[in-house]
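See structure below.
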Amino acid sequence: MKKTVKIVTDSVCEMLDIKQACRFLKERDDFLILCHATPDGDTLGSAYALALGLSAMGKRCMIKCADEIPAKYDYFTKEFANNEFDYKTIVAVDIADIVLLGGLAEEFVGKIDLCIDHHISNTRYADRLYLDSEAAANCECIYDIFRHYPLPLDKVTASAIYTGLSTDTGSFKYANVTAKTHRIAADLYSYDIDAAEIGRLMFDTKSRGRLELERMVLDSAEFHFNNKCMLLVATNEMKNKTGCSDIDLEGVAVISRSVEGVLAGISIKEKQDGSFKISVRTYPPLCASDICASLGGGGHQNAAGCSFNGSLEDAKKEILKVVKKSLEENYAGTSFSK
Ligand SMILES: [Mn+2]
């Protein structure tokens, strides 16, 4: 059976527009900026750009993340002196739900002053929320804040923001990309960013361990429902054998989406505590966010996730049941037996 960690907040969440969000940042100081666990380019790009931008205005900032920050982001993370102090204002970036803080969730539940996010599924856990669900990446929201505040853009902050844009859009390939995404990227180029090198680091570089892990993950592939659904599994055993950690699993969710005819790409990743993280990538008419909501998760139209406590077999059974139901609703009259 599925067990969900329920963290209840009783605060009312005030929705802010860009002006109000900037006013809030101007009025406050001594910021702690929080990234989500298993950090990606978007949460890190958001946090470091904001920290650097606010620091340039004479404000104090520090950043926290439950998990280790991968070295591949050094080109902007190392440019910020992340020193601890007694913070007064807590800002969460790119975090749809308080539980996504991972190991920091319990410490900060009910304490987030401002959340800056782009997930339509945001659970309103913060006191204030600046949400732009049209934004392909949270770094688009951060860029808007830079322009409205205004905060100074330079090569490093532009590189951080560009990293979020490019990683959350699969290098500007996904359906979430808009003309605005490209306009922002074009503007960031004027700060002398090395977009080719960022692309190489983010998309074309993998360790040998990761390559071997991918081989094992591909060996686990299962196809269901007339090949409309592909399921991949990454276990702790596979990670141990290849010397990989959870961070090395970034992008595994996307593999199944690249197979012809697959409308639902599922990846089930075992976490250190033995629970599972299920990632769902869909093509229309399926909706990843709806599918994951059935199991207590959420996300975007085409990319979403949820957690699962139980056996791997049960995780497969539960997620396949939901995918089957979604396929049957969208393809009325067709029965998907396996
Ligand atoms: Mn994001």
Side-chain angles (χ1 to χ4, degrees), residues 33 35-36 38-57 61-63 65 67-83 93-94 116 118 132 135-211 214 244-245 247-255 258 303:
I33 304 172
C35 297
H36 61 71
T38 54
D40 62 11
D42 196 28
T43 196
L44 292 172
S46 294
Y48 281 84
L50 190 60
L52 285 159
L54 290 171
S55 297
M57 305 307 285
C61 298
M62 59 179 275
I63 296 169
C65 180
D67 298 320
E68 200 187 319
I69 296 168
K72 66 177 178 177
Y73 301 105
D74 278 359
Y75 60 93
F76 62 89
T77 58
K78 288 280 182 267
E79 300 296 322
F80 175 67
N82 195 14
N83 299 316
V93 288
D94 191 40
I116 303 168
H118 70 126
D132 180 1
N138 195 58
C139 277
E140 281 194 25
C141 305
I142 298 295
Y143 174 87
D144 284 342
I145 287 171
F146 264 72
R147 286 310 187 207
H148 276 81
Y149 192 115
L151 296 172
L153 272 169
D154 58 17
K155 183 173 175 168
V156 178
T157 47
S159 299
I161 293 173
Y162 181 84
T163 300
L165 288 192
S166 71
T167 53
D168 256 29
T169 59
S171 202
F172 304 95
K173 279 189 309 192
Y174 299 156
N176 58 2
V177 176
T178 64
K180 184 180 169 184
T181 317
H182 283 290
R183 281 194 200 101
I184 295 173
D187 185 35
L188 297 174
Y189 267 68
S190 64
Y191 294 90
D192 196 29
I193 60 169
D194 194 345
E197 177 64 5
I198 294 172
R200 191 185 69 81
L201 285 167
M202 294 300 113
F203 298 102
D204 300 337
T205 311
K206 61 177 92 169
S207 65
R208 179 168 172 194
R210 161 67 193 232
L211 188 76
E214 258 180 50
C244 286
S245 65
I247 281 295
D248 297 300
L249 290 176
E250 202 190 333
V252 161
V254 188
I255 297 174
S258 64

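Here, residue 1 is the first one in the sequence, and each next residue gets the next number. Worth knowing before you read on, the calculation uses all heavy atoms, side chains too, and leaves out hydrogens, waters and symmetry mates.
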* Within 6.0 angstrom of Glu197 CD, more than 12 heavy atoms from elsewhere -> yes
* To do: With His36 as reference, evaluate Asp94, Asp67, Asn138, Asp42 under the side-chain hydrogen bond (donor to acceptor under 3.5 Å, both in side chains) test and give the passing residue.
  => Asp94
* Structure fact -> Nearest heavy-atom approach of Ala137 to Gly164 is CB-O, 3.5 Å
* To do: Please report the closest heavy-atom contact between Phe146 and Gly53, naming both atoms and the distance.
  => CZ-CA, 3.8 Å
* NE2-CG distance between His118 and Asp168, expressed to the nearest 0.5 angstrom -> 4.5 Å
* State, with a plain yes or no, whether a side-chain heavy atom of Ile247 is found less than 4.5 Å away from one of Glu68. => no
* Structure fact -> Rounded to the nearest 0.5 Å, the CE atom of Met202 sits from the CG atom of Asp40 at a distance of 10.5 Å
* To do: Please check if any side-chain donor atom of Thr181 sits under 3.5 Å from a side-chain acceptor atom of Thr178, or the reverse.
  => yes
* Find out whether Ser46 and Cys35 are in side-chain contact, i.e. whether some heavy atom of one side chain is under 4.5 Å from a heavy atom of the other. => no
* To do: Run the ring-centre check on Tyr48 versus Tyr162 and record whether the distance is less than 6.0 Å.
  => no
* Asked: What are the two closest non-hydrogen atoms of Thr167 and Phe203, and how far apart are they?
  -> CA-CZ, 3.8 Å
* Structure fact -> Residues Leu44 and Tyr73: closest non-hydrogen pair is CD1-CD1, 3.4 Å
* **Smallest separation among heavy atoms of Ser55 and Phe80, with atom names** => OG-CE1, 3.6 Å
* Structure fact -> d(Thr163 OG1, Leu188 CG) to nearest 0.5 Å is 9.5 Å
* Quick one: CG on Leu50 to SG on Cys61, what's the gap to the nearest 0.5 Å? -> 6.5 Å
* Closest approach of Lys72 and Leu201, non-hydrogen atoms and distance? -> CD-O, 4.0 Å
* What distance do Leu165 atom CG and Ile184 atom CD1 have between them, rounded to the nearest 0.5 Å? -> 6.0 Å
* **Spatial distance of atom CG (Asp248) from atom OG1 (Thr38) [nearest 0.5 Å]** => 12.0 Å
* Asked: Can you find a pair of side-chain heavy atoms, one from Tyr174 and one from Val254, that are under 4.5 Å apart?
  -> yes
* **Qualifying salt bridge (Lys or Arg N to Asp or Glu O under 4.0 Å) pairs with a residue from residues 146-155, counting only residues at least two apart or across chains** => Arg147-Asp187
* Are the side chain of Thr157 and the backbone N or O of Leu153 linked by a donor-acceptor pair below 3.5 Å? -> no
